[in-house]
Each structure stands twice: as structure tokens, then as C-alpha cells.
Amino acid sequence: MIQALRGTRDILPEEVVYWQLIEATVAEILGRAVYREIRAPIFEQTALFERGIGEATDVVGKEMYTFSSRGDQSITLRPEGTAGVVRAYIQNKLYAQGGVQRLWYTGPMFRYERPQAGRQRQFHQVGLELLGCDAPRADAEVIALANNILQTLGLQNLEMDINSVGNGEDRQNYRAALVGYLEPYKNDLDADSQERLIRNPLRILDSKDPQTQEIAQNAPKITEHLSVASKNHFDTVLQLLRDLNIKYQINHCLVRGLDYYTHTAFEIKSNDLGAQATVCGGGRYDGLVKELGGPETQAVGWAIGMERLVLLLQQLDSIAVNSPDLYIVSRGVAAEAQGLLLAQKLRSLDLGVELDLSGSAFGKQFKRADRSGAVACLVIGDAEAENQSVNLKWLASGEQQAIAQKDLLDMVAELKAKIKGLKSS
RNA sequence: GCGGGCGUAGCCAAGUGGUUAAGGCAGUGGUUUGUGGUACCACCAUUCGUGGGUUCAAGUCCCAUCGUCCGCCCCA
């Protein structure tokens, strides 16, 4: 049997309702904040990600789905959303519209990683980008919206970590200070971290190795190496979050993995997800637009991992499947044909109608009607087919009445009201 | 890429070398051939992820492979 590729999976109808709930919530909340959806391609030139995300990162170094298409162009399935959105922003000159651009997107991303709960090779993100503004209020707005979405979905027990990684110059200074501090402990660090001492020392800070963690505890903090302007930015963001009543904790070890982040970096985590705990991650990326060939443009954004969010929602109350209003029971050639017609007419009048297609005994069809959760049945047998009528049977009470099919269509409003009443009780 | 656990029907599972692979849920048919929710009865895996091997004998042991889960790594 041919099965889905490792790290990919089918999202079946019972699960799709959670996805739809998330999508609807996101569209509504972001819509109110006047963010507009943008849809960028799923594959792009490899160079976009190499330059945007950074060649030294793991994502670019070993996790990209890269292949050459006909004509030997190197193509990559997008491993994240920001680079593509920024490319679209530049290519379509959205900056020329003046002011800020508030954009959001959703869709599949691809990374070649070892699958785990909450980590797939094809996974989905919903993300948001606010381009063209360097004000701390932009950082705060964006974080507040992530918060809104997660809260509206009913998620509790989430924690937000926040840090500032400063601008490029701050980071150079800090990097030197950090390496100076760590150098004497070099032999006590775990193997990975020893390597990172040269390549990417900031990452040593969030190593999970206990001994490395102990050493990192007393390392100089980046927030103490920020320029006055960077420090002000960070402090203002924190003040605004307090004003908004958004809880956070400063995590001096939080260093986002992708190269493009500057200043604010944040992460929203859950304890109910195991190792892949981050539900939402983001921050400011003031250099990326320019790096990718656009005008100097400050920006801030985040992405939410859909699969992880779905996992959390599934741990809460389950979502009720939508059951039909009416269930059509029919038997006999003429009756079955009339049943189909009636179903279509009633559906066009905005009723939820399930049609039993089995042609089996009435008893069996009623059994299925029960299980479907329908409020009432419409029964058509040979007798009803003969005189163009239908038997309307209320499943809870068992009472039924014969009605001419054309009269039934006239009493739809009445029918709907009664169904609504019975459904809510 | 590294280390470990697991894989028996649509789902939850018992079974740990010996003739026909428990049980439950769901499904289908019947008791009730035009009236359901209950009850009862019957049916529902020539086969245990897949491929090899050991053995008189394998779901059970060994090897490989695929998938999944946990941790590392990484990140949303």
C-alpha cells in the first residue's frame, strides 16, 4: 500500500473542525485590526531563504527541501513564511502605498526534520507581519493580537518569554562579551556548545545540557549590552505590555533561531505539548527587507504552529459535530427519487438535510436517523410517493403527521423555528 | 543526524514458542419484510506493519525495513 510520506499526515474531518475554528478566529481578530491576508507561493528560489533566514542556521543548513527544477534552477519549499511575504512586499512594491502594511498568511511549511508529536515535515503556520514601523507600539500590538487569538480560543496556562537581541551592533558587542566569559569554561561545555562558541555563541545560552546551563546562568546578559536606543525600545515594549495587562517573563537566554531577528524576540509556550512546547514565536526584524533588496523597512511579526495549537484545543472540550436538522427516510423507486428532490429543495431553503441512501428497511433507516442526531425525519414510502406527501416524524416525541410535499415547503419557517427550539433544549 | 519505546480488525485491546488469534466499541443482517433510541441472536483478522531468517512448530525469538511515539537536536 502506498502511504503518506514520513512526517506528513492526513487531517481527517473530525480534526478539520478544529482547524476551521482556528482559521475563523484568526480571520476575525486580525480582520478587526485591519490586517489583510496575503498568499505567497509555496516554493521560492533557494537564495531567498539562504539570504533571508541565514546560511548558518539549521533550517537553511540541513532542513530545507531543496531541489533543482527543469532548467537547473534551485528551488526550495518554504520552511517558514516571513521570507516569502517580505519578497512579495518588495516585488509588488507594497511599501509604495505608504504607511504600514499589516499582513497575515496561513499555509503549509516544509522542513526535513525527525518527526515528533507537534513536529511534522509538512506543517502549517498562521503568521502575521507588520511592515514599515519601528515604534514599540507595533511590537506590542502584534504580541497583543497573538494573545487575543490564543485567549479567544480558550487556551489557558500559556507563558510568554520575551527578550531583546538588540540591533546588529549591540549583538556584536554582546557576542564579544559572551565569548570572553565562556572561553575559560570551554572544556566544561557540552560538545555542541563548544562548536557553537565560534559559529553561533548566542545559541549556547539555551542549551539544555545541565552543566552548560549552569555556566550560562552567570553569563553576561544581552539586555545589559544594549545601546541606549535599543534598551529604550525594549523597556517601552515591556511597559506597553504591562499597560495591556499581558503577562510575560524576561528570558535572557531566549535567542530566536533565525538570523533576521532584531530587538524584540518572544515565544509563547505551553506545558501541555512535550518537547515541542512553542505555540507562537516571533519578533522584530528590522534588517530583513533591506537585506532582500527592498528599501530600509522596520518590521515585526510572529507565526503560530497550527498543529500544536490543534493539539492544545483537542485537550479542551471537544467540538460538537454538526448534526442535520432533518433526516430523510425513503424506500421504493418513486419514493427515493422524491426524497432526493425534497432534500435538495429543503437544503436550498437553508435546512441541514441528510438523505439516507441505503434503501434498507425502514427500521434500519430510523436507527441511522437517531445516530445522525437529526431532530426530525421525513418519511416517504410507496403510499406517500403515490400522493406526493410526506410523513414528518419528530424523533424525540415520536409524534408524526402527514403533510403534502408542497405544503411542507411553505411551512419551512415554522419548521425551522421548531427545530431550533428542540435543538437548544 | 543520534539514543530509546511501540506496531494484533475502522477504534480500544488479550495473547510472551504448540492444534481453529480472547473480549469490548463501531459496522452489517435478523428477531421487527412501513417506523428508531432498549434487548437478544448471527456475521465481521486463513492472519498479527512489511520482507527475510531460526525452529518439527512464530503474533510470540533473530535480522532488516517502514511507520509512530519519547528524548537529544531544531523550531512554530
Side-chain angles (χ1 to χ4, degrees), chain A residues 1-9 12 14 53 57-64 79-82 106-128 146 150 190-193 195-196 200 203 206-209 254-258 261 265-270 273-283 301-312 327 329-332 335 356 358-374 376-385 391-400:
Chain A
M1 194 203 65
I2 295 175
Q3 44 185 348
L5 288 168
R6 172 160 227 212
T8 71
R9 55 190 211 99
L12 300 175
E14 298 77 52
I53 300 170
T57 61
D58 281 22
V59 169
V60 171
K62 48 193 193 196
E63 295 175 1
M64 294 207 300
E80 56 94 56
T82 299
T106 184
M109 310 290 163
F110 304 85
R111 289 181 202 171
Y112 191 89
E113 291 186 275
R114 185 81 170 256
Q116 219 174 302
R119 186 170 82 183
Q120 265 87 47
R121 287 180 176 179
Q122 175 177 333
F123 63 105
H124 299 77
Q125 290 185 336
V126 49
L128 153 171
L150 297 171
D190 60 282
D192 283 338
S193 294
E195 225 171 276
R196 282 191 286 229
N200 198 350
R203 292 224 56 101
D206 61 6
S207 166
K208 279 182 193 156
D209 181 82
L254 176 63
V255 185
R256 314 254 56 245
L258 313 184
Y261 286 107
F266 72 96
E267 226 171 68
I268 300 174
K269 299 192 277 191
S270 165
L273 282 173
Q276 307 304 325
T278 305
V279 183
C280 175
W302 49 249
I304 287 175
M306 289 286 274
E307 280 82 359
R308 293 179 190 178
L309 194 46
V310 169
L311 286 173
L312 290 174
Y327 191 97
V329 167
S330 58
R331 192 152 200 221
D356 192 306
S358 68
S360 52
F362 279 97
K364 295 295 168 193
Q365 294 196 46
F366 277 102
K367 199 169 217 165
R368 280 186 217 106
D370 258 326
R371 304 223 164 142
S372 77
C377 265
L378 294 177
V379 189
I380 310 175
D382 292 336
E384 289 81 5
N391 235 5
L392 171 63
K393 175 167 182 173
W394 298 95
L395 284 166
S397 63
E399 62 184 274
Q400 52 184 321

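As the structure is a prediction and not an experimental result, all values here were calculated from the model. Each chain gets a letter, A, B and so on, in the order the sequences are listed, and its residues count up from 1.
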*Are OP1 or OP2 of B:rC74 and a side-chain N or O of A:R196 less than 4.0 angstrom apart?*
yes
*Toward the 5' end of RNA chain B, by each residue's nearest nucleotide, A:S207 or A:S397*: A:S397
Answer with base, sugar-phosphate or nothing: what part of the nucleic acid does [X] contact at a heavy-atom distance below 4.0 Å?
X: A:G381; answer: base
X: A:G118; answer: base
X: A:Q116; answer: base
X: A:A361; answer: nothing
X: A:R114; answer: base
X: A:G398; answer: base
X: A:A117; answer: sugar-phosphate
X: A:R368; answer: sugar-phosphate
X: A:G61; answer: nothing
X: A:E384; answer: base
X: A:Q400; answer: base

May I ask which nucleotide in the shown strands pairs with [N], Watson-Crick or G-U wobble, both distances under 3.5 Å?
N: B:rU50; answer: B:rA64
N: B:rA45; answer: none
N: B:rG23; answer: B:rC12
N: B:rG18; answer: B:rC56
N: B:rC73; answer: none

Any N or O donor-acceptor pair linking the side chain of [X] to the base of [N] at under 3.5 Å?
X: A:R308; N: B:rC75; result: yes
X: A:R119; N: B:rC69; result: no
X: A:Q3; N: B:rG49; result: no
X: A:K393; N: B:rG36; result: yes

Please report the distance separating the [atom1] of [N] from the corresponding atom of [M], rounded so that it comes out in whole Å.
N: B:rG5; M: B:rG52; atom1: P; result: 25 Å
N: B:rC6; M: B:rC25; atom1: P; result: 29 Å
N: B:rU31; M: B:rU68; atom1: C1'; result: 44 Å
N: B:rG29; M: B:rC44; atom1: C1'; result: 11 Å
N: B:rU55; M: B:rC43; atom1: P; result: 40 Å
N: B:rU38; M: B:rA57; atom1: P; result: 50 Å
N: B:rG23; M: B:rG49; atom1: C1'; result: 23 Å
N: B:rG34; M: B:rC41; atom1: C1'; result: 23 Å

Hey, what are the protein-to-nucleotides 43-45 of chain B N/O distances that come in under 3.5 Å?
none

*Side chains of A:D209 and A:S207: is there a donor and an acceptor less than 3.5 Å apart?*
no
*asked:* Using a 5.5 Å cut-off between ring centres and planes within 30 degrees, is A:F366 stacked on the base of B:rU35?
replied: yes
Could you tell me the separation between the [atom1] atom of [X] and the [atom2] atom of [N], rounded to a whole number of Å?
X: A:M109; N: B:rC75; atom1: CE; atom2: P; value: 16 Å
X: A:K364; N: B:rG27; atom1: NZ; atom2: P; value: 10 Å
X: A:Q365; N: B:rG37; atom1: CD; atom2: C1'; value: 16 Å
X: A:E195; N: B:rC2; atom1: CD; atom2: C1'; value: 14 Å
X: A:F362; N: B:rU32; atom1: CZ; atom2: C1'; value: 14 Å

